[in-house]
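Shown next, in structure tokens, is the structure this report addresses.
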Amino acid sequence: MPTIGLGVYLINNADECRRSVAAALRSGYRLIDTAVIYGNERAVGDALAASDVPRADVFITTKIWLHDYPYERARASIDASLERLGTDHVDLMLLHQPGPQALEAWRAMEEAVDEGRIKAIGVSNFEPEDLEPILDGARIRPTVNQIEMHPYYQRPDLVAHLRRHGIVVESWAPLGHRNKKLLAEPLLADLAAKHDCSVHQVLLRWHLQSGFVAIPKSTNPAHIASNIDVYGFELTDGDMAAIAGLDKGRPNFRIPKWVLKHLLPRVRPRQFA
Ligand SMILES: NC(=O)c1ccc[n+]([C@@H]2O[C@H](COP(=O)([O-])OP(=O)(O)OC[C@H]3O[C@@H](n4cnc5c(N)ncnc54)[C@H](OP(=O)(O)O)[C@@H]3O)[C@@H](O)[C@H]2O)c1
């Protein structure tokens, strides 16, 4: 699995999504992170088809939405994702959120793995208590948990728990989703000056050196290029320890439990492109 990918959340315009994916592939990205609920799987598939990068070289991740967790709907959701992405398999499929019927969707994903239509399966936004039924009842274990992760929300306990279970941490909102305070942290500016790079590159380097996979979103070709240009320098142990001190233990986004349980499962994914 590549360690930096392009996230396409909130890229709701099909042309813009195609252009962003194309720019990412040209800049050397080989991981694209989409989801049924983003509504842009077709645009991602079109951009992949139009590119001269072979399908086998690209790691495609998509996610099943809560509404589709009942077994039959999960099967249909997997079929529809493959059709929209224009591929016979995805490299990683995630359950987008914990939900009461998560195990049903998990079984559908396990079958798709057996059929060669999904290479690996995982979860997103799962806390240890959400993971438990999957770890207990699953035939195929989760490989990845995609979670909000940035220096203001470092989640050491969850990370340690995931590591104990051999689950890779994939960071969403790796740049803090435009959190102005985070981006203006003097420490990050100092580290950017020290390493002759941008604050965004310091952040992405922190993810890499923490052992996380990061999927920054951008529609700006210059940002897209610079976000993957992070393999030529290294933060020191001291830099990493200083960034550890920024943790506020607070997410940018917190979905109340009742919204997750009662409201989100009723939201039907809408396709923009
Ligand atoms: N599993 C989940 O529940 C979940 C939830 C949220 C997100 N995600 C995934 O994680 C991905 C990333 O998260 P995110 O989109 O919330 O936040 P993010 O990647 O932390 O931040 C994206 C913002 O940063 C800006 N940006 C990116 N690179 C930049 C650069 N080099 N210089 C200046 N600004 C830059 C982007 O604007 P420009 O476009 O102008 O560059 C955009 O506004 C999503 O696209 C999605 O794939 C998953």
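Along the sequence shown, residues are numbered consecutively beginning with 1. Only heavy atoms go into these numbers, but all of them, side chains included; no hydrogens, no water, no symmetry mates. For ligands, and for the atoms within them, numbers begin at 1 and follow the listed sequence.
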Worksheet, complete the sentence: Chain-and-number sorted residues having a heavy-atom contact under 4.0 Å with ligand 1 are Gly7, Val8, Tyr9, Asp33, Tyr38, Lys63, His96, Ser124, Asn125, Gln146, Trp172, Ala173, Pro174, Leu175, Gly176, His177, Arg178, His200, Ile215, Pro216, Lys217, Ser218, Thr219, Asn220, His223, Ser226, Asn227
Worksheet item: Between Trp172 and Phe253, does the ring centre distance come in under 6.0 Å?
Response: yes
Worksheet item: Which pairs, with at least one residue in residues 112-152 and sequence neighbours excluded, count as a ring pair (Phe, Tyr, Trp, His ring centres under 6.0 Å)?
Response: none
Discussion item. Applying the salt bridge (Lys or Arg N to Asp or Glu O under 4.0 Å) criterion to Asp91, which one of Lys119, Arg30, Arg55 satisfies it?
Written reply: Arg55
Response to the item:
So the side-chain hydrogen bond (donor to acceptor under 3.5 Å, both in side chains) pairs with at least one residue in residues 215-235 (sequence neighbours excluded) are Thr3-Tyr231
Practice prompt. Taking side chain to side chain donor-acceptor pair (under 3.5 Å) as the test, write out the residues that go with Lys194, two or more places apart.
Written response: Asp239
Worksheet item: Which pair of heavy atoms, one from Gly176 and one from Leu182, lies closest together, and at what distance?
Response: CA-CD2, 3.9 Å
